[in-house]
Number of protein chains: 2
Amino acid sequence: MAIADRKAKEKEQLKTLILNSARKLFVQNGVEQTTIRSIAKNIDYSVGTVYLYFKDKNAILNELHSLGFAQLGEQFKVLANVEKPMERLMAMGRLYINFAMENPDMYELMFTLKAPMAVLNESKKEEWDEGKSAFGVLKTTVEQCINQHHFEGHKAEPLTFMIWGLVHGMCSLQISDRAKAVHFENEDQIVSAGYEEFLKILKKL
Amino acid sequence: MAIADRKAKEKEQLKTLILNSARKLFVQNGVEQTTIRSIAKNIDYSVGTVYLYFKDKNAILNELHSLGFAQLGEQFKVLANVEKPMERLMAMGRLYINFAMENPDMYELMFTLKAPMAVLNESKKEEWDEGKSAFGVLKTTVEQCINQHHFEGHKAEPLTFMIWGLVHGMCSLQISDRAKAVHFENEDQIVSAGYEEFLKILKKL
DNA sequence: CAAATATAATGAACATTGTTCATTATATGA
DNA sequence: TCATATAATGAACAATGTTCATTATATTTG
């Protein structure tokens, strides 16, 4: 059935086209401004067509959300070269912060907006694989640190969550304009500066 | 001009009525579901009337946002009884987390949603007083800790931001369903558990 | 090849939002 | 009592997500 194959490929292509358009507009203009109509217009298709390929707007956001994790995962690959777990942990935080600061809208979609998570809640079976796997990478590193006798007396999982929360929190405050509003001496460096303080602490543990 | 006074009082009362209604609906149903129409209907006034008292929906959110800070400030008052800065710092984090877990929608409004911040951006002169003052309280405590020779080699402001980020981050991940999606052993205790790990670290510094 | 069928695409139409503003009602002052 | 100022109304508008009957295109069949 060569024809069916080709059709499947075409469908896949159009889906990708929609997704790429959505991503472009989304990164340019944010979630709210990225309307189904604007996506459709951007690729010269009708509104209805978009709905043939995606159940609703949340479904699109959910796929972009996955793309974001792929992108972050790509950047995390260099960490494989860092042998010492403690150094790897520190480098991971830096990469995470860099990603957040350079892709604030994508970051928001990945870690703040509820919309992409709503999709998972509907189909209850499905779990948040990207999240679990990303968290797993961090947790493994923390466990390796513990094996090397760092973090004396700590429990791996809550500690890992705390570290995630620490970097996420600073990024989140920055992206949501809360850090700016507080008026730091060096506004756009405050996240890095905060992370440096954390590193000082890490080196004592 | 007793009449003018009474009129001013009436205006103030209606404004408060709108605000209370908005808060009730907001805490019950979240931001999106709290429509101007639902607020108006709830107090038996017309849509237009709401707009006589508030410029737009963001203005309402911004006032709720302020009420949230008043509420949190109220809970922080007990901290005045904690003499030792280090203990006060630890208690502050706990109060912050409790507030976030018990008032997730309010917390989101205060520290995540961009809408209430948009009001500040319009009238550029106005700064985020509540934010600055809340951060100031935390920063002062951290400085007092430093004066008592804790946090050797740390800079007060970035360190304070880091600590804020730490508690905010965990709360934020929990409220945005990211923590849940990762499936911890003890899901609803993960924020507290994470904070406990932080306290262990604090005690070493 | 032509007709019948299946697949894909369309865009008008609906419901729901925030928001505006001409109109109506009410209260105040002359 | 009437003129004026103030307050309240709700219909109407634009923008959005979403649906679905209709149209267009492609595929299969006789």
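Protein chains get the first letters and strands the later ones, always in sequence-line order, with residue 1 at the start of each. Every value quoted in this text rests on a predicted model; they were computed, and no experiment measured them.
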Atom-to-atom span, NZ of B:K11 to C1' of D:dA8 - whole angstrom: 12 Å
Distance, rounded to the nearest Å, where A:K15 contributes NZ and C:dA9 contributes C1': 17 Å
Taken to the nearest whole Å, OH/A:Y45 to C1'/C:dA8 is 10 Å
Aromatic rings A:F111 and A:Y107: how do their planes relate, parallel, tilted or perpendicular, breaks at 30° and 60°? tilted
Toss me the dot-bracket line for DNA chain D: Watson-Crick and G-U wobble, both under 3.5 Å, 5' to 3', using | for pairs to another strand and [ ] for crossers. ||||||||||||||||||||||||||||||
Can you list every pair that meets salt bridge (charged side-chain N to carboxylate O under 4.0 Å, His left out) and has a residue in residues 39-61 of chain B, with sequence neighbours left out? B:K55-B:E122
Sequence-aligned protein contact record of nucleotides 11-23 of chain D, with B where the base is within under 4.0 Å of a protein heavy atom and S where only the sugar-phosphate is: -B---BBBB----
Residue B:L14, side-chain heavy atoms: nucleotide from D:dA8, C:dA9, D:dA7 that is nearest: D:dA8
Within the distance-only criterion (no hydrogens, no angle test), does the side chain of B:S38 pair as donor or acceptor with the backbone N or O of B:T34 below 3.5 angstrom? no
Does A:T49 place a side-chain N or O at less than 4.0 Å from the phosphate oxygens OP1/OP2 of C:dT10? yes
Just N and O in the side chain of B:Y53: are any of them under 4.0 Å from OP1 or OP2 of D:dA8? yes
Check for a donor-acceptor pair, side chain of B:R178 on one end and backbone N or O of B:S172 on the other, with a separation under 3.5 Å. no
If you look at every strand shown and take non-hydrogen atoms under 4.0 Å, does B:F54 touch a base, only sugar-phosphate, or nothing? nothing
Would you mind checking if A:K200 and A:E197 are paired as a salt bridge, meaning a charged N to carboxylate O distance below 4.0 Å? yes
Would you please classify the geometry between the B:F198 ring and the B:Y195 ring as parallel, tilted or perpendicular, with 30° and 60° separating the classes? tilted
Checking A:R88 side chain against A:A80 main chain: does a donor-acceptor pair fall under 3.5 Å? no
No-hydrogen, no-angle side-chain donor-acceptor test under 3.5 Å, A:S66 and A:E130: yes
